[in-house]
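Order of listing sets the numbers, starting from 1, for every ligand and every atom in it.
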Amino acid sequence: MKEKIIIFDTTLRDGEQSPGASLNVFEKVEIARQLEKLNVDVIEAGFPVSSPAQFEAVKRIAGEIDLTIAALARTKENDIKAAGDAIKNATKKRIHTFSSTSDYHILGKFADDKYGKTLEKKRDFIIKMTRDAIQYAKTLCDDVEYSAEDAGRTDISYLAEIVEAAIEAGATTVNIPDTTGYTLPGEFGEKIEELKKRVKNIDQAIISVHCHNDLGLAVANSLSAIHAGARQVECTINGIGERAGNASLEEIVMILNVRKKKLGYYTDVNSKEIYNSSKMVSGFTGLIVQPNKAIVGENAFAHESGIHQDGMIKSRKTYEIMTPKTVGVSQTKIVLGRHSGRHGLKLRLLELGYTLTKEKLDKIYQRFIDLADKKKEVFDDDLRILMGDEILKEKDRYVLKHLQVHIGTGAIPTATVQIKTNGSVAQESATGDGPVDAVFNAIDRALNSKFNIESYQVRSVTSGRKAMGEVTVRIRNNGRSYNGRGVSTDIIEASAKAYLQAINQFEMDKIDLQQELDDEEFRYAAI
Ligand code: KIV
Ligand code: ZN
């Protein structure tokens, strides 16, 4: 008998905490729809109390998606109320509350004497606070998950004590996060086994794990925990998340799938939607998937050397342990062109995972025709880019209307931009060290702003001579990073779009940021 592993996707919560990866409400809803096709068990849709935009995204997802929708909350009444309100309309809902349990976290975040004068007293305070929070969450929702933050570095006796108290208070899932990605697989597995021995009511809850990848061990640690008895794994698409990220969903799912006979577990995930999910998340977050990334990297199924290619021709099994088809990578490239109709475009976009209203299809069709005029052949990646761009445009404050660049050997690079903003158009020119610098300077002048460029990357994202160039720009302001992504057959235009998009992300976040900074304690909630 194979046992099911519950897949708890936290792309929209922990994943969104990746530096620079803030997603807007439209993008989150679109990703949640894709996660529904992927058929994960739980979607953690956000942290509602942290900002109005977070609240709104969770609320919309809860109102539309027919999976268990989880909302994160600290062990505070306000947080739990916001989480409960945001998921009120979900058909299946879960409140996920967490408190600090390691000495590092307790002594760091609960240093004030008001939480107790000794470590022992502070620990007692946290247990009581956790109990109260879970009991309150239970009045709003039957399904309550408790996480012991930094469990990986928490003293086992205290961890067992708080987990037992959480279950007693009504937690139906107890999550053991390796918040700092510190533990080793054997050690983490032992921790789960130890909890099973020490916590007398452990059978009344599902054991979950949530591993970070600081030492590259997130997936290995999750597997070790499954082996020891965990039945829920928290993970993200492409492994994105705080710092080095979380356990990668596609790796966990495919390990359990490919090695099913040996391991004896299964998930309900529709693996054929993995590739679409990866592309969508990478497109919306601007976080590029490394080419050699397992399962979803560009090279994951590429066989370069002659020996490998020869072997593959004779029998695929020589070098392939799973087929690209299993994870939704299409072997036959479907190419659309100028003569492809609206219906053909719609069908292909649906297959790529996008939901389309008639209005959106009309807009995208026009852009598709413009692109087909330039490129002749339009590939799946081109379509994904068009869709990503269109979704972003719906909320952009600044839009590039016109760009002219003068360059040449011996000439001073000069750029002129026109930017549409709130009904008016700002026009400015500037010079720079090169064409991109000139464009950025012209944009700065037009918007009367200046941002630090944290990173600038350019790469070709589609194939052929007329490939689309993708530029990713990360800017930094007020201690936060914002990613922008621009795509065009002209990389100078792509650079301008990327820079503007990063500025648009910053603008969107400004109000939310103010609210967070106003909340003193928020700064200590290092999740
Ligand atoms: O890493 C962590 O501990 C978390 C918790 C909130 C589950 O993200
Ligand atoms: Zn985390």
- Check for a donor-acceptor pair, side chain of K191 on one end and backbone N or O of T154 on the other, with a separation under 3.5 Å. yes
- Message: Below 2.8 Å, can you find an N, O or S atom of E234 next to the Zn ion (ligand 2)?
- Response: no
- Query: Rounded to 10°, how many degrees is the angle NE2/H210-the Zn ion (ligand 2)-OD2/D14?
  - Reply: 90°
- D381 and K279: side chain to side chain contact (heavy atoms under 4.5 Å, CB included), yes or no, with the steps? CA-CA 9 Å; D381 280 345; K279 284 280 182 184; 3.3 Å; yes
- ligand 1 to S147, heavy atom cutoff 4.0 Å, flagged ligand atoms 7 (C)
- If hydrogens are left out, which of E242, E149, R13 has an atom nearest to atom 8 (O) of ligand 1, that is, the closest non-hydrogen atom? R13
- Counting both backbone and side chain atoms, is some N or O of D150 under 3.5 Å from an N or O of ligand 1? no
- Task: Using distance alone, determine whether H210 and ligand 1 share an N or O pair under 3.5 Å.
- Result: yes
- Message: Determine whether a donor-acceptor pair (N or O, by modelled atom type, separation under 3.5 Å) exists between the side chain of T326 and the backbone of T323.
- Response: yes
- Taking heavy atoms and a distance under 4.0 Å, where does T179 meet ligand 1: side chain, backbone, both or neither? both
- Pick one of side chain, backbone, both or neither for how H212 approaches ligand 1, counting any non-hydrogen atom pair under 4.0 Å. side chain
- Does N201 use its side chain to pair, donor to acceptor, with the backbone of Q204 at less than 3.5 Å? no
- Query: Passes side-chain hydrogen bond (donor to acceptor under 3.5 Å, both in side chains), T173 versus S208? Steps please.
  - Reply: CA-CA 7 Å; T173 300; S208 166; over 6 Å; no
- Item | K122 side chain to G116 backbone, donor-acceptor under 3.5 Å | yes
